[in-house]
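Chain letters run A, B, ... following the sequence lines, proteins first and then strands; every chain starts at 1.
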Number of protein chains: 2
Amino acid sequence: MTASGFDTHDHGHCMAQALQTAEETCARKGLQLTAQRRRVLEILLREHRAMGAYDLLDVLRADGLGAQPPTVYRALDFLVGHGFAHKLERLNAFIACAHPGERHAPSFLICKSCGLVAEMPSEGISQAVMTAAGGLDFVVDRAVVEAEGTCRSCRGAAA
Amino acid sequence: MTASGFDTHDHGHCMAQALQTAEETCARKGLQLTAQRRRVLEILLREHRAMGAYDLLDVLRADGLGAQPPTVYRALDFLVGHGFAHKLERLNAFIACAHPGERHAPSFLICKSCGLVAEMPSEGISQAVMTAAGGLDFVVDRAVVEAEGTCRSCRGAAA
DNA sequence: TGGCGATTCGTTATAACATAACAGGACACG
DNA sequence: CGTGTCCTGTTATGTTATAACGAATCGCCA
């Protein structure tokens with residue numbers, strides 16, 4: 001369905017769609033997409049990049065809302081907990097989910113040159129992790145997979 | 001060659017061997033395994049678990065050495081940079097490499113119950129990551145792979 | 001042998017990331 | 001209309017990591 005994250009695409013559309021999906025999902029599951037939570041999700045969608053919690057805080061404040069760190073972290077806990085956003089452990093940063101609604105164990109590509117982050121297909125990776133872990137008799141709940149490297153356009157620019 | 005990390009094994013032996021490997025590798029490559037660096041590596045090997053930088057600092061201080069955060073972080077930069085230790089991004093913690101000398105892209109298993117960490121075989125995982133990334137025309141330098149779950153003995157204890 | 005550069009280390013301070021704890025408000029439900 | 005639950009505001013603090021600068025050491029070589 002979706003652009004790779006390194007490709008250009010219709011921002012407005014993808015943002016509106018993600019928000020709508022979040023609203024529908026919350027309605028269906030009885031979750032409260034409150035103003036704060038929605039606001040943080042909107043910022044992540046609009047910026048379309050990995051942002052630190054304090055980056056988000058700066059944006060909230062620039063928009064004239066008084067806010068403190070716990071406000072942001074609480075919103076992020078909700079969004080991450082319900083799959084509307086993800087945390088990038090390598091960057092201590094957060095990003096809106098590229099496939100909200102779809103059940104997935106996210107895997108990320110992080111371009112060291114331009115800083116862009118994309119979700120990549122993770123079925124094969126999850127499978128490989130399960131297999132390797134199973135060999136040590138370990139049951140995996142969740143796997144952090146974050147690959148760093150260079151995206152196509154940055155390789156092109158370097159050449 | 002090596003125990004899984006969840007298995008019991010001869011600590012003294014694995015520690016001595018790892019230290020010797022580090023010394024030989026440094027000698028061969030012209031790297032300086034200074035007292036500080038060696039000290040931090042020894043602590044990581046002895047404790048045989050993931051430790052925060054400030055945990056290491058506490059141990060150094062308990063041993064009577066005045067030390068400040070940069071001292072520890074510099075030693076860790078060296079050890080991680082040359083493959084004698086790894087950083088666990090998920091935990092913001094560090095652990096001695098279980099296979100020093102062998103070239104490898106480490107993948108980890110983190111038991112949420114007992115906190116133990118093991119390196120797991122990563123060939124299949126690296127392959128899967130490359131494949132997925134290649135599909136988006138992305139070249140991977142390095143992949144963080146950290147799976148959380150439950151090890152065998154903790155599952156046994158829970159049952 | 002004396003200066004030079006490179007590397008390491010000590011130290012102070014501060015930046016960046018994250019949470020504890022408690023009070024108050026909104027709202028549903030009996 | 002009381003009570004419990006969930007969410008938010010606020011203050012303070014805890015945890016992780018780095019910037020910046022100066023001094024010590026050591027190899028190199030003119």
Legend entry - Under 3.5 Å donor-acceptor pair, Y54(A) side-chain atoms to dA15(C) base atoms: no
Inset, instruction - Using atom NE2 of H82(B) as one end and atom P of dT7(C) as the other, report the distance to the nearest whole Å. - result: 11 Å
Legend entry - Check: M51(A) and I43(A) side chains under 4.5 Å, non-hydrogen atoms: yes
Inset, instruction - For L60(B) and dG10(C), give me the distance from atom CG to atom C1', rounded to whole Å. - result: 14 Å
Legend entry - Atom-pair distance (CG on D55(A); C1' on dC17(C)), nearest Å: 11 Å
Inset, instruction - State, without any angle test, whether H104(A) and E123(A) hold a side-chain donor-acceptor pair at a distance under 3.5 Å. - result: no
Legend entry - dC9(C) phosphate, OP1 or OP2, under 4.0 Å from Q68(B) side-chain N/O: no
Inset, instruction - Mind calculating the distance between CG (L91(A)) and C1' (dT16(D)) to the nearest angstrom? - result: 16 Å
Legend entry - Under-4.0 Å side-chain N/O to phosphate OP1/OP2 contact, K87(B) with dA17(D): yes
Inset, instruction - Evaluate the side-chain proximity of R49(B) to V117(B): yes if any heavy-atom separation is below 4.5 Å, no if none is. - result: no
Inset, instruction - Give a yes/no on whether any side-chain N or O of Q32(A) is located under 4.0 angstrom from OP1 or OP2 of dC7(D). - result: yes
Legend entry - Any N92(A) side-chain nitrogen or oxygen under 4.0 Å from OP1 or OP2 of dA18(C): yes
Inset, instruction - Between G52(A) and F78(B), just flag the one whose closest nucleotide in DNA chain C comes earlier from the 5' side. - result: F78(B)
Inset, instruction - State whether a side-chain donor-acceptor pair under 3.5 Å links Q20(A) with E24(A). - result: yes
Legend entry - Taking every non-hydrogen atom, the tightest pair across E89(A) and E146(A): N-OE2, 2.8 Å
Inset, instruction - Check whether any side-chain N or O of T71(B) sits under 4.0 Å from OP1 or OP2 of dT11(C), and answer yes or no. - result: no
Legend entry - Atom pair distance, as rounded to whole Å: CD in E89(B) and C1' in dC17(C): 14 Å
Inset, instruction - Return the value, rounded to whole Å, for the distance between atom CG of L31(A) and atom C1' of dT5(D). - result: 15 Å
Inset, instruction - Please state whether the base of dA20(C) and the side chain of Y73(A) form at least one donor-acceptor pair under 3.5 Å? - result: no
Legend entry - Nearest-Å distance for atom pair CD/C1', residues Q36(A) and dA26(C): 14 Å
Inset, instruction - In whole angstrom, give the distance that lies between atom CE of M51(B) and atom C1' of dT16(D). - result: 15 Å
Inset, instruction - Check whether any side-chain nitrogen or oxygen of R74(B) sits under 4.0 Å from OP1 or OP2 of dA17(D), and answer yes or no. - result: no
